[in-house]
Number of protein chains: 2
Amino acid sequence: MAIPFDVLAEPSRRQILDLLLERPRLVGELTEHLGLTQPGTSKHLRVLREAGLVRVRRDAQRRWYELCPEPLREVDAWLAPYRRLWTDRLDALERHLDTMPEPPAATGEPDAPDGEAP
Amino acid sequence: MAIPFDVLAEPSRRQILDLLLERPRLVGELTEHLGLTQPGTSKHLRVLREAGLVRVRRDAQRRWYELCPEPLREVDAWLAPYRRLWTDRLDALERHLDTMPEPPAATGEPDAPDGEAP
DNA sequence: GGGCTATATAACCGCAAGGGCATGGAAGCC
DNA sequence: GGCTTCCATGCCCTTGCGGTTATATAGCCC
């Protein structure tokens, strides 16, 4: 599966995800927040749906859109090696400030910033 | 400062960053790896430069491009609340599979989403 | 200086994506 | 049944972006 960076490049789509982060929402509700027309919102929702980032639940004529954050793990995975670059810097700072008597000379896990274990 | 998602949406630009993750490189070297023309590479490098994701060091006629990962922290910050979501979701799924003897497996889907392939 | 290398910029093109309008289609309500 | 609500889809149109070719600029080497 491709990294959904192109899907996230759209500010409106990121805003949709941010809104769905709080709770599931109806299309009309999202349209109101986005300041777009309803078809425009539906178009973005279609893109998000096909990227697996949102999920829809039917309720009569209404559609409840809810978040599906799993594909974002691809983004997180791509970001991981870069994150090391600034966390290493932070680690160095912490070591300096702590003035640890003995640095962990053992070659164990240098750091695990977050869940990265598939 | 805007989140550089639009900059990262380009596969070639992500590839440039991946290449610069190993070591600084010359434009010609990047061009070779990308399979683009040299002006195309320079264009992408300009976008990355203006986003603060790379930095140039002049060396005679050559330009050494090196990585500047700081703006990626914005991406990481945006991603943070979602990251918490999928780890929670995995935990919930594990608990669910532990307690649930078997899924309903009903006949037919009462909640099938809209047709996907016209 | 002349020529070559390495890179940036300009001009141009093709195409796809975002946005709006109008319409279609399902499902409540009277 | 007819009207309305809520949403998806189908056409436009326009803009912007990625890509290429041609050209400009800077610095080395002979």
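Numbered from 1 within each chain, the chains take letters A, B, ... in sequence-line order.
The two atoms that bring Thr31(B) and Thr37(B) nearest to each other are CG2-C, 3.8 Å, heavy atoms only.
If you take CD1 of Ile16(A) and C1' of dG18(C), they are 12 Å apart, rounded to a whole angstrom. Leu26(B) has its CG atom 9 Å from the C1' atom of dA6(C), to the nearest Å. In this structure, Trp64(A) atom CH2 and dC6(D) atom P are separated by 11 Å, rounded to whole Å. Asp59(A) has its CG atom 17 Å from the P atom of dA26(C), to the nearest Å. Distance CG (Asp6(B)) to C1' (dG18(D)): 14 Å, rounded to an integer number of Å. Atom CD in Glu50(B) sits roughly 11 Å away from atom P in dC17(D) (whole-Å rounding). Here dC6(D) presents its P atom at 7 Å from CD of Gln61(A), a figure rounded to the nearest Å. One atom, NZ of Lys43(B), and another, P of dA22(D), lie 16 Å apart when rounded to the nearest Å.
Using a 4.0 Å cut-off, no side-chain N or O of His44(A) falls inside it from OP1 or OP2 of dA17(C). Taking only side-chain nitrogens and oxygens, Tyr65(A) comes nearer than 4.0 Å to OP1 or OP2 of dA8(D). For the pair Arg63(A) and dA26(C), the criterion of a side-chain N or O lying under 4.0 Å from OP1 or OP2 is not met. Put simply, Arg58(B) has a side-chain N or O that comes within less than 4.0 Å of OP1 or OP2 on dG27(D). Note on Thr37(B): every side-chain N or O is 4.0 Å or more away from OP1 and OP2 of dG19(D). At least one side-chain nitrogen or oxygen of Arg46(B) sits closer than 4.0 Å to the OP1 or OP2 atom of dT9(C).
With salt bridges taken as basic N to acidic carboxylate O contacts below 4.0 Å, none links Arg14(A) and Glu10(A). Ion pairing between Arg23(A) and Glu29(A) holds under the 4.0 Å rule for side-chain N and carboxylate O. Salt-bridge formation is detected for the pair Arg62(A)/Asp59(A): a Lys NZ or Arg NE/NH1/NH2 atom is positioned less than 4.0 Å from an Asp or Glu carboxylate oxygen.
Side-chain proximity of Pro39(B) to the nucleotides dC7(D), dT20(D), dG19(C) is greatest for dT20(D). With dC6(D), dT9(C), dA8(D) as the choices, the nucleotide that has an atom nearest any side-chain atom of Arg62(A) turns out to be dC6(D). Checked against dG19(D), dA26(C), dG27(D), the side chain of Leu36(B) finds its nearest nucleotide in dG19(D). Looking at the side chain of Val27(A), the nearest of the listed nucleotides dG19(D), dA8(D), dA8(C) is dA8(D).
Gly40(B) comes within contact range of at least one nucleobase, with a heavy-atom separation under 4.0 Å.
For the pairing with Tyr65(A), the side-chain hydrogen bond (donor to acceptor under 3.5 Å, both in side chains) check across Arg49(A), Arg55(A), Arg25(A) returns one residue only, Arg49(A).
Both Ala60(A) and Glu10(A) lie near DNA chain C, and the one whose nearest nucleotide falls closer to the 5' end is Glu10(A).
A donor and an acceptor atom never sit less than 3.5 Å apart when one is taken from the side chain of Gln38(B) and the other from the base of dA6(C).
Under the 6.0 Å cut-off for aromatic ring centres, Tyr82(A) and Trp86(A) do not qualify, their centroids lying 6.0 Å or more apart.
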